[in-house]
Trainee: 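Pasting in a structure now, in structure tokens, and then I'll have a few things to ask.
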2 protein chains.
Amino acid sequence: MNAQFKKGVLELIVLKSVVNKDMYGYELVEEVSKVVDVNEGTIYPLLKRLTNDHHFETYLKESTEGPPRKYYHITASGIMYVENLEDEWVEFANRVSEFLKEKKK
Amino acid sequence: MNAQFKKGVLELIVLKSVVNKDMYGYELVEEVSKVVDVNEGTIYPLLKRLTNDHHFETYLKESTEGPPRKYYHITASGIMYVENLEDEWVEFANRVSEFLKEKKK
DNA sequence: ACACACTACCTTACATTGTCAAGTACTAAA
DNA sequence: TTTAGTACTTGACAATGTAAGGTAGTGTGT
């Protein structure tokens, strides 16, 4: 899978995943992997960035299946950010699709 | 416009543009700009990369409107490469669109 | 003749983001 | 007690787009 295509889009997928319910990192790796190939080394730094930018708040919770989980909760700022990001993606993808369709004629 | 979304996609747009007819750099900057914002500093290094990878061959041609133009012609290798890249992009964009649609429910 | 705008190309320093590989540590099953 | 699965972290690296600057040819207006 082309690594470049994912740039910026993984952020969108992670944010959208967390909008509905708080999730922890390892869970997100699996969730995002259903859409596009991704590995831990990509997701954890991304979560840290989004937290530093105040789009996420975090809290720890014990687990019976391993070490404590760090849960991510989206903030009001995160909500605004993801809505804007989604609009941008849709607009971008549509423009590219239109271009490719034109070229096919 | 989100700079990250463009990663890899500009390459696709440039390649697709040159499939039909040979084009020169400055012309490509304007062509690609119709689809997504882009500047010269992005396109010229990209053209060089694709030429180094033997996806393009180049030749110079005089112009009455300014300095000589460097034309880019796609090679057989370039054709194969762009077809594969387009398939990957379509597959990728569909997966992301599906995911976003799911989240909307 | 001179300045300016437009065409056309190139390059360097930089920022961002994804990959790979390694490491830490807890729980449970073989 | 070794192994597998869960869970988080980090550092060195690669790829690609951006910004800003430079060089040079052609044509227009003053």
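The structure presented is a predicted model; accordingly, all values stated were derived computationally and were not measured. Convention: sequence-line order gives letters A, B, ...; per-chain numbering from 1.
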Trainee: Report yes if a side-chain nitrogen or oxygen of B:Asn39 is closer than 4.0 Å to either non-bridging phosphate oxygen (OP1 or OP2) of D:dG17; otherwise report no.
Mentor: no
Trainee: Rounding to a whole Å, what distance do you find between A:Ile13:CD1 and C:dT17:C1'?
Mentor: 14 Å
Trainee: Are B:Tyr26 and C:dT7 close enough that a side-chain N or O sits under 4.0 Å from OP1 or OP2?
Mentor: yes
Trainee: Would you kindly give the CD-to-P distance between B:Glu62 and D:dT26, to the nearest whole Å?
Mentor: 8 Å
Trainee: For B:Leu60 and D:dG25, give me the distance from atom CG to atom P, rounded to whole Å.
Mentor: 14 Å
Trainee: Taking CD from B:Glu30 and P from C:dT7, how many angstroms apart are they, rounded to a whole number?
Mentor: 7 Å
Trainee: Hey, is the main chain of A:His54 close enough, under 3.5 Å, to the side chain of A:Thr75 for a donor-acceptor pair?
Mentor: yes
Trainee: For B:Asn2 and C:dT17, what is the distance between atoms CG and C1' respectively, to the nearest whole Å?
Mentor: 11 Å
Trainee: Is there a donor-acceptor pair closer than 3.5 Å between any side-chain N or O of B:Asp53 and the backbone N or O of B:His55?
Mentor: no
Trainee: Using atom CG of A:Leu47 as one end and atom P of D:dT10 as the other, report the distance to the nearest whole Å.
Mentor: 12 Å
Trainee: Describe the nucleic acid contact of A:Lys6 in one word from base, sugar-phosphate, nothing, applying a heavy-atom distance below 4.0 Å.
Mentor: sugar-phosphate
Trainee: With a 4.0 Å cutoff (strictly under), does any side-chain N or O of A:Arg69 reach OP1 or OP2 of D:dC8?
Mentor: no
Trainee: Answer yes or no: is there an ion pair linking B:Arg95 with B:Glu98, defined by an N-O contact shorter than 4.0 Å?
Mentor: no
Trainee: Ignoring hydrogens, what is the shortest heavy-atom contact between B:Ser17 and B:Leu28? Give both atom names and the distance.
Mentor: CB-CD2, 3.8 Å
Trainee: Hey, are A:Lys34 and B:Glu102 close enough for a salt bridge, meaning a charged N less than 4.0 Å from a carboxylate O?
Mentor: no
Trainee: Looking only at side-chain N and O atoms, does A:Tyr24 come under 4.0 Å of OP1 or OP2 in D:dA7?
Mentor: yes
Trainee: Between A:Lys70 and D:dT9, is there a contact of a side-chain N or O with OP1 or OP2 at under 4.0 Å?
Mentor: yes
Trainee: Can you tell me if A:Tyr44 touches the phosphate of D:dC8, counting only side-chain N or O atoms and a distance under 4.0 Å to OP1 or OP2?
Mentor: yes
Trainee: To the nearest Å, how far apart are B:Asp53 CG and D:dT16 P?
Mentor: 9 Å
Trainee: Can you build the contact string for nucleotides 22-30 of chain C? Use B for base contact, S for sugar-phosphate-only contact, and - for no protein heavy atom under 4.0 Å.
Mentor: ---BBSS--
Trainee: When all nucleic acid strands are considered with a 4.0 Å heavy-atom cut-off, which category describes A:Gly25: base, sugar-phosphate, or nothing?
Mentor: sugar-phosphate
Trainee: Tell me the interatomic distance from A:Met1, atom CE, to C:dT17, atom P, rounded to whole angstroms.
Mentor: 19 Å
Trainee: State whether A:Lys103 and B:Glu86 are salt-bridged, where the test is any N-O pair (Lys NZ or Arg NE/NH1/NH2 against Asp/Glu carboxylate O) under 4.0 Å.
Mentor: no
Trainee: So, is A:Lys48 close to the D:dC8 phosphate, meaning a side-chain N or O under 4.0 Å from OP1 or OP2?
Mentor: no
Trainee: In the structure I gave you, are the side-chain heavy atoms of A:Val36 and A:Met1 within less than 4.5 Å of one another anywhere?
Mentor: yes
Trainee: Would you please confirm or rule out a distance under 4.0 Å between OP1 or OP2 of D:dA15 and any side-chain N or O of B:Arg49?
Mentor: no
